[in-house]
Q: 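Would you mind keeping the following structure in view while I ask a few things?
Note that ligands are numbered from 1 as they come in the structure, with each ligand's atoms numbered from 1 the same way.
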Amino acid sequence: MIFDILTIFPGMFHGPLSESIVGKAQARGLVFVRVHNLRDYAVDRHQMTDDRPFGGGEGMVMKPEPIVHALEAIAPLGPPPRVVLLSPQGRVFEQATARRYSGLERLVLICGRYEGVDERVARYFVDEEISIGDFILTGGELAAMVVVDAVTRLIPGVLGNEASAEAESFREPILEHPQYTRPQEFRGYRVPEVLLSGDHRRIARWRRRQALLRTRERRPDLFARLSLSEEDRELLSRPEDAL
Ligand code: 9D3
């Protein structure tokens, strides 16, 4: 899979995408991340990528020419890409979006800056506009890295044999139970006794109860959509030591 990233801050990408799983996937030739400096595609002698908004107002708007010239220049460098604009005005990126992108051969990610991108780019040169959530970033670069990370781990061969993209899509939308590892006691805090008991039925019930409790507490939106079994209801109504 090829990612082409258009940005005025190419240096932001070098660290994060060379480390860890994405770095290894690149080293193994499973993904290619190419970062293109929009300033190189500017048309005027000052290499301007932004300008003042028509109609007046605060801040600056990204000019259309550098973005469209960059799209045209990189078009021949691979199969026809899907072109995505990162912007607060987009549909929210979720796991289903990542899954859909992971099946593509090539994705172009355009990182907006300032108050946004000239609307003609969004309307006529972009296939879809996405946001990574309801919080304010300083630009689309970190959002693009989030997309690269979420999509890369779904590409066959990138992760080990664990958790295929397929399996994840059929998993119940519930938070995970708490995890503990050695030592049994850390700064006076002990691992829950049930996990050391060797009683696998009891451990499974404890974990299920913890997952349900924390989903109800932290993600009421997910909890409301769960279809609880009779045993789930019983686990929730019973005190912990009666497991
Ligand atoms: C006048 C209001 N503007 C500043 C507060 C709006 C605004 C413009 C540009 C807010 C953020 C940005 C830069 N953000 C992105 O380009 C962006 C983003 C985000 O801010 N949140 C979540 N996802 C994304 S994707 C791109």
Q: Can you sort out which atoms of ligand 1 are near Ala143, meaning under 4.0 Å from one of its heavy atoms?
A: 25 (S)
Q: Nearest protein heavy-atom contact for atom 8 (C) of ligand 1: which residue, which atom, what distance?
A: Tyr114 O, 3.5 Å
Q: So how far is it from Phe125 CZ to Asp118 CG, rounded to the nearest 0.5 Å?
A: 9.5 Å
Q: Who's the nearest protein heavy-atom neighbour of atom 22 (C) of ligand 1, and how far?
A: Gly133 O, 3.2 Å
Q: Among Ser87, Ala144, Gly112, Gly116, whose heavy atom sits nearest atom 25 (S) of ligand 1?
A: Ser87
Q: Does CD in Glu105 sit with more than 12 non-hydrogen atoms of other residues, nucleotides or ligands closer than 6.0 Å?
A: no
Q: May I ask which of Pro88, Gly57, Gly140 has a heavy atom nearer to atom 7 (C) of ligand 1 than the others do?
A: Pro88
Q: Under the criterion side chain to side chain contact (heavy atoms under 4.5 Å, CB included), which of Arg209, Arg201, Arg208 is the partner of Arg205?
A: Arg201
Q: Considering only protein heavy atoms, which is closest to atom 10 (C) of ligand 1, and at what distance to one decimal place?
A: Ile136 CG2, 3.7 Å
Q: Please determine, by modelled atom types, if Thr152 and Asp149 share a side-chain donor-acceptor pair under 3.5 angstrom.
A: no
Q: Looking only at protein heavy atoms, which one is nearest to atom 20 (O) of ligand 1, and how far off is it?
A: Leu137 N, 2.9 Å
Q: Among all protein non-hydrogen atoms, which one is nearest to atom 21 (N) of ligand 1, and what is the separation to 0.1 Å?
A: Phe135 O, 2.7 Å
Q: To the nearest 0.5 Å, how far apart are CG in Asp51 and NZ in Lys63?
A: 4.5 Å
Q: Check this for me: does any side-chain nitrogen of one of Glu168 and Arg153 sit under 4.0 Å from a carboxylate oxygen of the other?
A: yes
Q: Check Leu154, Val151, Val33, Val158 against Met1 for a side chain to side chain contact (heavy atoms under 4.5 Å, CB included) and give me the one that passes.
A: Val151
Q: Provide the number and element of each atom of ligand 1 under 4.0 Å from a heavy atom of Leu86.
A: 25 (S), 26 (C)
Q: Could you work out, for atom 1 (C) of ligand 1, the closest of Glu141, Glu58, Glu115 by heavy-atom distance?
A: Glu115
Q: Check Arg225 with Glu172, please: is the shortest side-chain N to carboxylate O separation under 4.0 Å?
A: no
Q: To check your reading of the model: name the closest protein heavy atom to atom 23 (N) of ligand 1, its residue, and the distance in Å.
A: Ile132 N, 3.0 Å
